[in-house]
Structures are given as C-alpha cells and as structure tokens.
Amino acid sequence: MTLIDGKKIAADIKGELRERAVAFEERCGKKIGLAVVLVGQDPASQVYVKNKIKGCSEIGIRSFSHYLPDTATQAEVLQLITELAKDENVHGILVQLPLPKHLDAKMLLAAIPPQKDVDGFGAENIGKLALNETSTVACTPLGVMELLKRYDISVKGKCAVVLGRSNIVGRPMAMLLLNADATVTVCHSATENIREECKRADILIAAVGKPKFVTADMVKPDAVVIDVGINRDECGNLCGDVDFEAVRNVASYITPVPGGVGPMTIAMLLSNTVKAAERLFR
Ligand code: GUN
C-alpha cells in the first residue's frame, strides 16, 4: 500500500506557484490578489479561511479578508461582491460556504464574474466542465485529480465510484473523472446496494461527510481510495469518510486524513487564483 502524501505534493505545488507569483509581479508591476469573504462564525469555516489566507502569504500573493457578521443582509453581501468584482487588485473572489441560511447563496455566487470565480462554483464554469471545455474547476476535486496525476495513477478506462453528489465535490469530481475517460458511478443517499457499487471501484472517492463510512469490506483489493471527508469520530478525533486503519490493508493507494486531500484544496485555490491573474495579461 502506498500512502498518498497530499501535504508534500501541496508544498511542491506552492513552490511552483511562488515562482509564478514573482514572475507576475515583475511583469505586471502588481501583486496577485485573492478576496476571501466569510459570513458568520461557523468554526470549521473559520479554520478553512485562516488556512487559505496563510496559503496566500506562503506563495507571496495578497489576500483581502472580509469578515461579515451572521446578521449581514443579502444586499450587504451582494454590495461587497459587486465591489470586489470591479476591484483591479482582486483577481479571485472566494465566498466561503456554507452561508447563513437567510442568505441566497445561489444568487450571491452568480454575482462573482466567471473570470474571478476561483472556486469554480458558478454556472458558467460548471457548465464548461460539463461540456469538457477549459474552465476553472472546484478546488477539492481538482486537487484529487492532481494527486492521481502526480502518483501516475491512470484513470482512463477505470471504474471510478464517487460517494456523494454535492456541488462542491461529488458532481464536479464525477465530471472530471468522466472527462478523463473513467467509467463513473455516482452514489448518494438514495443509492441501493451502495456496498456492491463501492466494491466494483478501481478508484473510490469518498465525499459523504460521514465518519469512517467506507469499511474494508466495501473496497476491492488494490483499489485506489481517496478520502475527501473531514469529520470528528466518537472520541472527537479528526477522521475521514474512510475507516483508514482497516482499508489501508486492502487498498493499493490511500490518502490519509489529515494530510491527504485537505492541503490540495488550498493548493488548487492558489493555483486557480494565479491562473486567473495570468489570464488577464496573456
Ligand atoms: N466550503 C467547503 N469547501 C469549500 C470550498 O472549497 N470553497 C468554499 N468557498 N467553501 C467551501
């Protein structure tokens, strides 16, 4: 079994991005900038946002953080996004999800221009991904594809099973795998015989948000297992959607939690931001 080291790959990618950020600054006379919008006090979101801002400073790009109270109105958030959309120092806009329930996330995400949509959540980018056209792709699934690529794990013709159909991970993940010529199955809460579906997978991607959902008996021997989950187990310890200690004995490759997909999400956000800035000056 090979442990997929997302932390190491993310560090390599950040090193490459740092050089591109310096080159951009020399060529364009300004720094690349990412605006990060967080509404409310969700503890997990606060951690994610802090890590994203840290990632910006690691590769030498500016971050503009905007923390709004959970009482912020739709009009206030929309006004902020509209200003960021016009700001020439801002090359990427990230609105951390989930947003408080009283806000219309769909409408707010639609206000981010596709060129600054570094999360790839907007309809234009998702539509292009569905059409297998060049687009900005959601960071977590993009990070998974990058891990597979850097470990020389071929996808073409393989049976890939994605657990979860969220707009953030499952759906774009399935489209990326399909675009890479895998035979893709998407499982979700209404799927019958989920164990049997998983057992057929050469590549199993778990993004269901349930601690240790994937057990060893659900995994085909020598499958590649990618764990997107970040959960707490019954003792309060961080764990993924995969029962790592049992599944590692069955899989050929496996990602740990933490240190697998998580660091890649941030590396891909930074990559999407650098690309967004570079596109303006091509
Ligand atoms: N919430 C959970 N994952 C993500 C992500 O990748 N981007 C944003 N904006 N919010 C998230």
Side-chain angles (χ1 to χ4, degrees), residues 6 10 13 33-56 63-68 70 72 77-78 80-81 84-85 90-101 103-114 116-126 129 135-147 162-176 205-210 226-232 238 240-241 255 257-258 260-273 275-276:
I13 292 170
L34 172 68
V36 180
V37 179
L38 175 61
V39 187
Q41 312 280 331
D42 180 69
S45 292
Q46 285 175 328
V47 174
Y48 296 145
V49 161
K50 194 180 89 195
N51 289 334
K52 289 171 184 180
I53 290 168
K54 185 165 149 245
C56 289
S63 59
F64 305 92
S65 39
H66 297 269
Y67 297 107
L68 302 181
D70 50 17
V77 185
L78 186 60
L80 172 61
I81 294 173
L84 296 172
V90 170
H91 301 95
I93 303 172
L94 176 141
V95 177
Q96 187 64 31
L97 301 178
L99 286 166
K101 287 204 173 17
L103 296 174
D104 179 350
K106 212 158 107 182
M107 194 247 228
L108 292 172
L109 293 181
I112 301 173
K116 294 193 181 187
D117 172 25
V118 285
D119 253 333
F121 292 163
E124 181 168 322
N125 280 312
I126 290 273
L129 177 64
S135 66
T136 302
V137 179
C139 307
T140 301
L142 190 60
V144 171
M145 295 307 284
E146 193 65 30
L147 284 178
V162 179
L163 295 179
R165 56 175 160 178
S166 71
N167 290 348
I168 292 180
V169 183
R171 272 171 215 271
M173 186 78 252
M175 290 195 276
L176 281 170
I205 317 269
V208 275
K210 292 189 182 155
I226 306 288
D227 191 348
V228 177
I230 304 178
N231 314 293
R232 297 266 167 199
L238 210 57
D241 290 353
T255 59
V257 176
V261 174
M264 291 301 290
T265 297
I266 296 183
M268 293 300 102
L269 169 70
L270 299 170
S271 170
N272 282 348
T273 306
K275 278 189 200 160

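Only heavy atoms go into these numbers, but all of them, side chains included; no hydrogens, no water, no symmetry mates. Since this is a predicted model, take the numbers as computed values, not measurements. Remember, it's 1-based here, ligands and their atoms both numbered in the order they're listed.
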One line per pair, note the atom names and distance for all nitrogen or oxygen contacts under 3.5 Å between ligand 1 and the protein.
from     : atom 1 : to   : atom 2 : distance (Å)
ligand 1 : 1 (N)  : Q96  : NE2    : 3.3
ligand 1 : 1 (N)  : L97  : O      : 2.9
ligand 1 : 7 (N)  : D119 : OD1    : 3.2
ligand 1 : 7 (N)  : D119 : OD2    : 3.2
ligand 1 : 9 (N)  : V95  : O      : 2.9
ligand 1 : 9 (N)  : D119 : OD2    : 2.6
ligand 1 : 10 (N) : Q96  : NE2    : 3.4
ligand 1 : 10 (N) : L97  : N      : 3.0

Open item on the list: Run M175 and V137 through side chain to side chain contact (heavy atoms under 4.5 Å, CB included) and show every step you take.
Closed with: CA-CA 10 Å; M175 290 195 276; V137 179; over 6 Å; no
- [ ] Applying side-chain hydrogen bond (donor to acceptor under 3.5 Å, both in side chains), name anything that partners T140, two or more places apart in sequence or on another chain.
- [x]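 Here the qualifying residues are T265.
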Task: Non-neighbouring partners of D104 that pass side-chain hydrogen bond (donor to acceptor under 3.5 Å, both in side chains), sequence neighbours left out - done: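 So D104 forms no side-chain hydrogen bond (donor to acceptor under 3.5 Å, both in side chains) with any residue.
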- [ ] Let me see the working for D241 and V228 under side chain to side chain contact (heavy atoms under 4.5 Å, CB included), right down to the final yes or no.
- [x] CA-CA 7 Å; D241 290 353; V228 177; 5.5 Å; no
- [ ] Return the minimal non-hydrogen interatomic distance between I13 and A267, and the atom names on each side.
- [x]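 Nearest pair, atom of I13 first, then A267: CG2-CB, 4.1 Å.
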Open item on the list: Going by the rule salt bridge (Lys or Arg N to Asp or Glu O under 4.0 Å), which residues pair with K275 if we only count those two or more places apart in sequence or in a different chain?
Closed with: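 K275 satisfies salt bridge (Lys or Arg N to Asp or Glu O under 4.0 Å) with no other residue.
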